[in-house]
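Reading through the structure tokens given below for one structure.
When reading the values below, keep in mind they use all heavy atoms of this one structure, side chains included, and skip hydrogens, waters and symmetry mates. Whatever order the structure lists ligands and atoms in, that order sets their numbers, starting from 1.
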Amino acid sequence: MASVDVAGEFETIRRLFAPLAHPEWGRGLKDDVAVVPSRPGYDLVLTKDAIVEGVHFLPTDPLDTVAKKLLRVNLSDLAAKGAEPFGYLLACHWSERCGWPERMAFCDGLRADQKAFGVALVGGDTVVTPGPAGFSLTALGWIPKGRTVGRAGARPGDAVFVTGAIGDGWLGLQAAQNKLSLASDRLAALIDHYRAPMPRVEFAPVIRDLATASIDISDGLIADLGHVAEAGGVGVEIDLELIPLSAAGQAWFDGRVDEQAALEKLVTGGDDYELAFTAAIRDEAALRREAERRHLRLTRIGQVTTGRGVIARFGGRPVSFEAAGYTHD
Ligand code: ADP
Ligand code: MG
């Protein structure tokens, strides 16, 4: 195992992180701070997520995808609010397994995603720990003043939508832990999704213009819609038969005998990083147009009511979930 001494803090910053830094705002990572000029007419939107080895990622996960996932889960939060990302701060708690090659792999993941999502590193901190590795990232985004889309704001009569497919986060974790039997290309697709989910950054402007409330799906569809219902003082009703599945998700689902139990797994599993949002029914056509332009799947799965909490129906009947904390009725 590589010794942490081989990859000292200053070497890591100078050789690995400085090339990723924003050319002006990061000050070459040679100063004590980053300085970002304020943008007139815009609000600064910030979000932070920390991940720990053995808790949020597996000790066997390659570090390039660990870095990607860390950045992407934060970009997903910004997208859900309608904000467009421009930069991030990063804290690395390297463990003993993080020698120079591992740190390089981590930075390779960041470099690829900086390009893919149009963000740059502006600063951070670097420490070593005798315990499991951990990383924390603060993403920064802009949104026109006062336009942030909150969890609150859903109105009775609004429709409920989700982007992409639901359940691949949970299925991907099962796949990564060798708990699924599926064709190898399906397993690979699910593991890829688990390791590096796709944040819907390109849909942020549409959320900003058309959503009444929005959240990204990290805890699980039902739990996250529960947050929207609670924040808005409304009810959310969804139809489990309308839940969109990926090709791999559908292949898994087709092999289940108990369809309801299978769907319950997919909607309570989490780690999807799709957007769940509400919008006025009259805006549905515009939403579909914008989704299509971006080749993004968009599915209407239910509606907002004057009730409280989330009601999910299967075969027309309300389903109660084992994790009852997710419903607030
Ligand atoms: P301090 O002594 O104040 O903790 P550091 O030596 O940690 O300062 O940081 C020096 C510079 O390197 C700062 O600009 C800081 O933002 C940057 N930096 C340190 N670690 C990271 C990192 N993991 N990612 C990005 N920038 C970093
Ligand atoms: Mg420091």
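- Donor-acceptor pairing under 3.5 Å is lacking for the side chains of R155 and T212.
- Annotation: side chain of R186 is not in contact with side chain of W252 (no heavy-atom distance under 4.5 Å).
- The distance from ligand 1 to the heavy atoms of F17 drops below 4.0 Å at these ligand atoms: 22 (C), 23 (N), 24 (N).
- Near G123, meaning under 4.0 Å from one of its heavy atoms, ligand 1 places the atoms 16 (O), 24 (N), 25 (C), 26 (N), 27 (C).
- Heavy-atom proximity to T126, at under 4.0 Å, picks out these atoms of ligand 1: 19 (C), 20 (N), 21 (C), 22 (C), 23 (N).
- Note on ring orientation: taking the six-membered ring where Trp is involved, the planes of F17 and W94 are parallel (angle under 30°, cut-offs 30° and 60°).
- When side chains are defined from C-beta on, Y88 counts as touching Q114, because their heavy atoms get closer than 4.5 Å.
- Taking distance alone, with nitrogen or oxygen atoms compared against 3.5 Å, G124 approaches ligand 1 more closely than that limit.
- Q174 and Y194 share no side-chain donor-acceptor pair at under 3.5 Å.
- On a distance-only criterion, D125 and ligand 1 share at least one N/O pair closer than 3.5 Å.
- Of the N or O atoms in D31, one or more lie within a sub-3.5 Å distance of an N or O in ligand 1.
- Residue contacts with ligand 1 for L121 involve side-chain atoms from C-beta outward but no N, CA, C or O (heavy atoms, distance under 4.0 Å).
- Note on ring orientation: taking the six-membered ring where Trp is involved, the planes of W142 and Y42 are perpendicular (angle over 60°, cut-offs 30° and 60°).
- Within the 4.0 Å heavy-atom shell around ligand 1 one finds E9.
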